[in-house]
Amino acid sequence: RNNLSLLSPDQIELGKMLLEMGQSHLFEHWPEPGVDDEQKRAFFDQVARLNSSYPGGLASYINTARELLADSKAGKNPFDGFTPSVPSGESLTFGDNSFVQFEETGVREMQNAAFVLVAGGLGERLGYNGIKVALPRESSSGTCYLQHYIESILALQDASSRLVEGFVLDWSWGKEISVLVRGGSPKQIPFVIMTSDDTHARTLELLESNSYFGMNPTQVKLLKQEKVACLDDNVARLAVDPRNKYVIQTKPHGHGDVHSLLYSSGLLNLWRHAGLRWVLFFQDTNGLLFKAIPAALGVSATKQYHVNSLAVPRKAKEAIGGIAKLTHADGRTMVINVEYNQLDPLLRATGYPDGDVNCETGYSPFPGNINQLILELGPYIEELTKTGGAIQEFVNPKYKDASKTSFKSSTRLECMMQDYPKTLPPTARVGFTVMDIWLAYAPVKNNPEDAAKVPKGNPYHSATSGEMAVYRANSLILKKAGVKVDDPVLQVFNGQEVEVWPHVTWKPKWALTFADVTSKVSGSCSISQKSTLVVNGSNIFLEDLSLDGALVINSVIDAEVKVGGSVQNKGWILENVDYKDTSAPEEVRIRGFRINKVEQLEKTYNEPGNFCLKA
Ligand code: UPG
């Protein structure tokens with residue numbers, strides 16, 4: 001009360017609201033006026049931000065938190081009244097006729113698409129100190145995730161505009177409407193990145209210091225999500241930051257924020273006016289994702305799905321959500337992700353006494369959600385106009401003991417982007433598409449120690465497995481295209497046993513689809529297990545190539561290079577690095593190996609023209 005004279009009328013109102021909402025502990029330690037006055041004002045600046053960035057303000061946040069915390073304490077099942085069953089969706093097999101058809105349709109549709117990357121998470125389970133999108137996707141080329149994503153979008157943009165003759169869209173953010181012209185450069189696919197205070201500055205710096213990896217800076221838009229207040233107990237007392245008593249502790253609200261941010265940014269309507277039809281959401285570290293994107297969009301367009309989630313076969317207890325059909329006692333049904341920590345209790349409560357277990361296929365009967373969502377823009381805008389982009393929240397406190405009266409550390413409300421379909425009307429066309437796991441999903445989420453503890457047979461989701469998955473997928477695709485690729489060997493890095501395939505990596509502009517790969521490979525090609533192949537160019541054709549060693553080809557767009565003959569050298573060798581070895585860079589340590597580039601054949605074609613490399 002003595003401090004009132006320091007505050008503006010608005011701040012006094014906020015203070016009253018906090019007292020009414022049972023938050024008097026926030027002020028208990030406040031000294032007399034004259035001491036820490038600046039910090040007291042800064043405290044109210046933060047309260048004002050927390051209040052304005054949450055729909056309905058802090059009071060609404062605290063009320064929702066109380067309800068959800070009471071439900072959690074009572075052990076209430078968030079799916080009360082719903083019975084899960086295995087849904088049916090589209091299941092694709094890489095390389096067969098329908099897959100190739102879906103890929104072609106998908107590439108064609110790309111000119112009507114926008115991409116949204118949610119990258120506000122710090123990746124606490126990985127424990128990496130940088131931002132995750134700056135990590136190398138694989139270390140043969142050293143390309144980081146963000147570069148790979150941007151190059152993939154640019155390659156899709158080019159490929160789509162080659163298929164669909166004519167239109168060019170010149171994006172200028174902030175202008176009322178974009179300009180459609182004929183000729184010139186291809187229609188530019190908008191790319192939004194959701195960041196948070198944890199990732200924003202470093203994401204921007206990564207883009208700026210690398211000239212946006214070749215993308216037009218006006219094509220990229222960063223939207224920063226705000227954090228929400230942490231909660232100390234079951235009555236939702238806001239948590240004070242242990243390092244500064246004038247600061248309320250905050251944590252991310254979850255990737256579900258992406259919907260309200262997109263909605264309030266005004267971008268969705270801008271996109272609609274420009275004739276776009278699809279919004280594709282994806283996550284920070286999945287080095288395989290763009291191999292699955294064209295076919296998945298092809299499915300959306302062919303089946304006219306309003307919502308299409310990409311899924312892969314899921315191992316029981318794997319830390320990915322399960323897609324389930326939920327049928328309510330009153331007859332309502334929905335096809336929705338059930339998060340990995342909720343699937344087992346839900347199954348046990350609804351007649352599956354063993355919970356989350358594998359079936360006879362060796363996988364969970366519920367497809368695993370990889371959180372690659374494709375939404376049709378029109379119905380999406382219609383829905384967000386009703387909800388403002390608000391997504392159902394949940395709370396996940398870690399209790400100290402079974403009495404559930406206190407928490408191990410503060411908690412907060414969260415929301416997930418894949419919960420978007422929960423509010424859709426029954427008429428909405430919600431589907432999902434299952435793809436081979438080797439093709440579509442290899443995230444980097446677990447630190448080496450935790451990855452090594454993953455039950456045998458389940459994926460590690462580590463930096464080690466993430467890189468090896470890229471080589472395996474590329475090797476398998478080449479095999480399918482007729483290349484003789486040697487079998488992998490098993491090796492252990494950071495306590496994880498992985499298949500080591502030849503280190504094959506290519507730029508997205510070399511091949512996006514299976515048809516692209518088959519058009520670039522001919523004759524009798526072979527690659528030995530110890531080989532490395534880095535294809536860094538678009539018009540590079542492998543003809544009767546026999547590779548036993550390392551081969552790196554760089555070429556500019558107008559150079560057409562035929563590569564054949566026999567390449568044999570000592571190659572690039574993987575050397576073990578222990579994750580505890582602090583003398584190695586963090587991104588090397590967490591994958592457990594470094595590449596020793598002993599010997600290679602590297603050729604660079606900087607000039608336009610036709611070339612032939614006959615080794
Ligand atoms: N993220 C944000 N903001 C946040 C939290 C996370 O942008 O406040 C981003 C994060 O950067 C990442 C993505 O969201 O790109 C997913 O975060 P992550 O911690 O990797 O998610 P998980 O808890 O592993 O689970 C998500 C889905 C789950 C799905 C799985 C697939 O919730 O259903 O199976 O991803 O990888």
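This chain uses plain numbering: 1 for the first residue, then up along the sequence. All values derive from a computational prediction rather than experimental measurement.
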Indicate yes or no for a side-chain donor-acceptor contact from [X] to the backbone of [Y] under 3.5 Å, with no hydrogens or angles considered.
X	Y	value
Lys224	Ala201	no
Arg49	Glu226	no
Asp516	Leu512	yes
Asp419	Ile391	no
Thr203	Thr199	yes
Thr195	Gly120	no

- Message: Less than 6.0 angstrom separating the ring centers of Tyr420 and His306, yes or no?
- Response: no
- Near-ring test Phe115/Phe191, centroid separation under 6.0 angstrom: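 Distance test on ring centres: not under 6.0 Å, no.
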Those residues that, when tested against [X], pass side-chain hydrogen bond (donor to acceptor under 3.5 Å, both in side chains) (two or more places apart):
X	answer
Glu499	Trp501
Asn369	Asn337, Asn371
Asp354	none
Asn536	Asn554

Note: [X]-[Y] ion pair, threshold 4.0 Å (strictly below):
X	Y	value
Lys507	Glu151	yes
Asp450	Arg125	no
Lys251	Glu414	no
Asp80	Lys76	no
Asp198	Lys227	yes

Sequence neighbours excluded, which residues qualify as salt bridge (Lys or Arg N to Asp or Glu O under 4.0 Å) partners of [X]?
X	value
Asp487	Lys479
Arg202	none
Glu205	none
Asp436	none

Not counting sequence neighbours, which residues clear side chain to side chain contact (heavy atoms under 4.5 Å, CB included) with [X]? List them please.
X	value
Val247	Gln46, Asp241, Asn244
Glu575	Arg594, Asn596
Pro242	Gln249

Would you say that [X] contacts [Y] through its side chain, given a criterion of any heavy-atom pair below 4.5 Å between the two side chains?
X	Y	answer
Ile477	Trp438	yes
Met215	Tyr149	no
Phe407	Leu69	yes
Phe79	Leu326	yes

- Trace of the side chain to side chain contact (heavy atoms under 4.5 Å, CB included) decision for His255 with Met416: CA-CA 5 Å; His255 34 74; Met416 302 191 292; 3.5 Å; yes
- Message: Ignoring hydrogens, what is the shortest heavy-atom contact between Ala511 and Trp506? Give both atom names and the distance.
- Response: O-NE1, 3.4 Å
- Query: For atom NZ of Lys422, is the number of surrounding heavy atoms from other residues, nucleotides or ligands below 6.0 Å larger than 12?
  - Reply: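 Atom NZ in Lys422 is packed in, count exceeds 12.
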- Interatomic spacing from CG in Leu574 to CD in Glu467 - rounded to 0.5 Å: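 These two atoms lie 7.5 Å from each other.
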- Classify the angle between the aromatic ring planes of Tyr380 and His259 as parallel (below 30°), tilted (30 to 60°) or perpendicular (above 60°). perpendicular
In a table with atom names and distances, give each donor-acceptor pair under 3.5 Å that connects a side chain of residues 86-94 to protein atoms at least two apart or in another chain.
unit_1	atom_1	unit_2	atom_2	d
Glu90	OE1	Lys303	NZ	3.2

- Message: Thr423 vs Glu383, test: side chain to side chain donor-acceptor pair (under 3.5 Å). Steps then yes/no.
- Response: CA-CA 8 Å; Thr423 53; Glu383 178 65 9; 2.6 Å; yes
